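Structure first, commentary second.
In this text the structure is predicted, and so the values were computed from the model without any measurement. The chain is numbered in sequence order, starting from 1.
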Amino acid sequence: MEIVNSINELKSYLAELKRDNKTVGLVPTMGALHDGHLSLVHRCVNENDVCVVSVFVNPTQFNDKHDLETYPRTLEADCALLESAGCDFVFAPSVEEMYPEPDTRVFHLGRVAEVMEGAKRPGHFNGVAQVVSKLFYIVEPDNAYFGEKDFQQIAVIRAMVKQLNIPVRIHACPIVREADGLALSSRNTRLTPELRQKAPLIACTLKESTTFVPEKSVQEVIDFVVNKINSDPDMEVEYYEIVDGNTLESIKSWADTDYPVGCITVYCGEVRLIDNIKYK
């Protein structure tokens with residue numbers, strides 16, 4: 001496995017492999033890797049001749065300076081995990097390497113980038129589009145892999161790829177969970193032991209809510225989820241919306257879509273956790 005910090009060096013390695021018609025897969029990450037990331041890497045390794053994993057905490061997608069500063073960074077441990085998973089190249093650039101000058105591009109990706117996370121974190125998805133498009137231009141992958149925990153992000157990236165006409169196949173991979181249901185996330189490492197015990201309430205409540213469909217209305221299911229999670233004094237729902245899984249528009253009735261997905265963001269103490277669940 002090669003650890004590469006330079007864009008030109010990585011492009012040189014990959015150009016040689018592509019001359020031999022090798023297929024290239026990319027798993028973009030911000031590091032602090034866990035089994036959720038590794039599930040993407042394993043799929044990438046299995047489906048491509050070459051697996052590239054980027055490890056880069058992208059400053060342009062953080063609208064909260066404190067969140068950027070406290071985001072876990074564990075490159076040495078990440079590289080050990082990636083080597084054991086069969087990764088070929090780790091691309092770990094500096095901020096200066098990725099942004100030698102400010103990226104002033106503004107993406108207009110429609111409603112998928114404006115609702116939910118887009119509304120709560122202004123500029124976040126523009127930063128995601130900036131860095132992922134840069135990675136696609138650098139690596140020129142045939143396939144790219146993203147986890148469904150970031151459900152809205154995948155919709156945004158699909159819209160960006162279509163808009164920029166980038167020839168890459170986007171693969172959405174299932175959420176990986178702890179035994180108690182908590183969706184794996186790099187942010188979980190910031191939970192205190194007490195809060196870590198409470199955090200599975202999110203997934204447990206979402207799963208329970210699926211048993212009410214279609215007898216209860218969409219609004220009744222939303223109210224159940226919000227009220228149950230908020231009943232814990234250490235938990236606060238920032239939003240819970242049930243949307244069409246393709247358009248991300250909120251639905252009023254189960255008849256509004258064949259693909260209803262519940263998307264939630266919860267503050268567990270000061271740690272912001274996201275999750276989602278499919279209702280059909």
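What you find for Gly36 and Leu184 is that their closest heavy atoms are N-CD1, 3.3 Å. The heavy-atom pair separating Gly245 from Val261 by the smallest distance is CA-CG2, 3.9 Å. Of all the heavy atoms in Val45 and Gly86, the pair that sits closest is CG2-O, 3.6 Å. The two residues Arg121 and Asn63 have their closest heavy-atom pair at CA-ND2, 3.1 Å. Taking both residues in full, the closest heavy atoms of Ala172 and Ile154 are given as CB-CD1, 3.7 Å, listed atom of the first, atom of the second, then distance. Nearest heavy atom pair, residue Lys149 against residue Ala183, reads CD-CB, 3.8 Å.
Around CD of Glu270, the count of heavy atoms belonging to other residues, nucleotides or ligands within 6.0 Å does not exceed 12. Environment of CD in Glu69: crowded, with over 12 heavy atoms of neighbouring residues, nucleotides or ligands closer than 6.0 Å. At most 12 non-hydrogen atoms from other residues, nucleotides or ligands lie less than 6.0 angstrom from CD of Glu16. Counting heavy-atom neighbours within 6.0 Å of Asp258 CG, excluding the residue itself, gives a total of 12 or less. No more than 12 heavy atoms of other residues, nucleotides or ligands lie within 6.0 Å of NZ in Lys162, so this atom counts as exposed by the packing criterion.
Here the side chains of Lys278 and Thr210 are not in contact, with every heavy-atom distance at 4.5 Å or above. No side-chain heavy atom of Val266 sits less than 4.5 Å from a side-chain heavy atom of Tyr240. In this structure, the side chains of Asp234 and Leu195 come closer than 4.5 Å at one or more pairs of heavy atoms. Taking the side chain as every heavy atom from C-beta outward, Asn5 and Pro93 never approach each other to under 4.5 Å. Side-chain contact between Val132 and Gln153: absent, with no pair of heavy atoms (C-beta onward) separated by less than 4.5 Å. Using a 4.5 Å heavy-atom threshold, the side chains of Met160 and Ile166 count as touching. Side chains of Glu47 and Arg169 form no contact here, defined as non-hydrogen atoms less than 4.5 Å apart. Side-chain contact between Arg177 and Pro200 is absent, with no heavy atoms from C-beta onward closer than 4.5 Å.
If you take CD1 on Ile202 and CE on Met235, they are separated by 4.0 Å, rounding to the nearest 0.5 Å. The distance from the CG atom of Leu33 to the SG atom of Cys87 is 9.5 Å, given to the nearest 0.5 Å. Residue Ile264 holds its CD1 atom at 10.0 Å from CD1 of Ile222, rounded to the nearest 0.5 Å. Taking CG of Leu164 as the reference point, atom CZ of Phe107 lies at 5.5 Å (rounded to 0.5 Å). Residue Asp88 holds its CG atom at 11.0 Å from CG of Leu82, rounded to the nearest 0.5 Å. Atom CG of Asp275 sits about 7.5 Å away from atom CG of Leu182, to the nearest 0.5 Å.
Under a hydrophobic-cluster definition in which Ile, Leu, Val, Met, Phe, Trp and Tyr are linked whenever side-chain heavy atoms come within less than 4.5 Å, directly or via other members, Ile274 and Ile277 are assigned to different clusters. There is a path of hydrophobic side-chain contacts, each under 4.5 Å, that joins Val156 to Val168. Criterion: ILVMFWY side-chain heavy atoms under 4.5 Å apart, direct or through other members. Under it, Met116 and Ile242 are not part of a common hydrophobic cluster. When hydrophobic clusters are built by joining Ile, Leu, Val, Met, Phe, Trp and Tyr residues whose side-chain heavy atoms come closer than 4.5 Å, directly or via intermediates, Val128 is not grouped with Val57. Following chains of ILVMFWY side-chain contacts shorter than 4.5 Å, one can reach Val41 starting from Leu75, so the two form part of one hydrophobic cluster.
Side chain of Lys134 to main chain of Met98: a donor-acceptor pair is present (N/O by atom type, distance under 3.5 Å, no hydrogens or angles). At distances below 3.5 Å, not a single donor-acceptor pair connects side-chain atoms of Asp20 with backbone N or O atoms of Leu17. Looking at Lys18, its side chain does come within 3.5 Å of a backbone N or O of Glu140 through a donor-acceptor pair. With Thr247 contributing its side chain and Glu249 its backbone, the two residues share a donor-acceptor pair below 3.5 Å. Checked by atom type and distance alone, the side chain of Ser186 pairs as donor or acceptor with a backbone atom of Ala32 at under 3.5 Å. Side chain of Thr29 to backbone of Ser54: a donor-acceptor contact under 3.5 angstrom is found. The backbone N or O of Phe125 lies less than 3.5 Å from no partner atom in the side chain of Glu117, so there is not a single donor-acceptor pair. Looking at His171, its side chain never comes within 3.5 Å of a backbone N or O of Ala144 through a donor-acceptor pair. Looking at Asn230, its side chain does come within 3.5 Å of a backbone N or O of Val237 through a donor-acceptor pair. Panel note: side chain Gln130, backbone Arg105; a donor-acceptor pair is recorded below 3.5 Å.
A donor-acceptor pair shorter than 3.5 Å cannot be found between the side chains of Ser39 and Tyr145.
Among the candidates Val90, Val4, Leu26, the single residue satisfying the side-chain contact (heavy atoms from CB on, under 4.5 Å) test with Val52 is Leu26. Each of Leu40, Ile170, Val27 was scored for a side-chain contact (heavy atoms from CB on, under 4.5 Å) with Phe146, with one residue passing: Ile170.
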(message) Run the salt bridge (charged side-chain N to carboxylate O under 4.0 Å, His left out) test on Lys216 and Asp223 for me, step by step, so that the C-alpha distance in whole Å, both residues' side-chain angles and the decisive distance to 0.1 Å come before the verdict.
(response) CA-CA 11 Å; Lys216 291 187 181 294; Asp223 291 343; over 6 Å; no
(message) If you apply the rule salt bridge (charged side-chain N to carboxylate O under 4.0 Å, His left out), what do you find for Arg272 with Glu238, and how did you get there?
(response) CA-CA 9 Å; Arg272 191 174 187 271; Glu238 184 176 31; 2.7 Å; yes
(request) Might you work through the side chain to side chain contact (heavy atoms under 4.5 Å, CB included) test for His124 and Gln152, ending with a clear yes or no? (result) CA-CA 12 Å; His124 168 66; Gln152 185 175 3; over 6 Å; no
(request) Give the C-alpha distance, both sets of side-chain angles, the deciding distance and a yes or no for side chain to side chain contact (heavy atoms under 4.5 Å, CB included) between Leu135 and Phe91. (result) CA-CA 10 Å; Leu135 290 169; Phe91 179 47; 4.0 Å; yes
(message) For a side chain to side chain contact (heavy atoms under 4.5 Å, CB included) check, start with the C-alpha distance between Asp67 and Arg190, then their side-chain angles and the critical distance, and finish with the verdict.
(response) CA-CA 11 Å; Asp67 195 20; Arg190 294 176 51 200; 3.4 Å; yes
(message) Before you tell me yes or no, could you show the steps for Gln197 and Leu191 under side chain to side chain contact (heavy atoms under 4.5 Å, CB included), namely the whole-Å CA-CA distance, both residues' side-chain angles and the distance that decides it to 0.1 Å?
(response) CA-CA 9 Å; Gln197 293 295 312; Leu191 294 168; over 6 Å; no
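Tyr99 is linked by a side-chain hydrogen bond (donor to acceptor under 3.5 Å, both in side chains) to Asn58, Thr60, counting only residues two or more places apart in sequence or in another chain. Among residues two or more places apart in sequence or in another chain, the side chain to side chain contact (heavy atoms under 4.5 Å, CB included) test is passed with Ala155 by Val112, Leu248.
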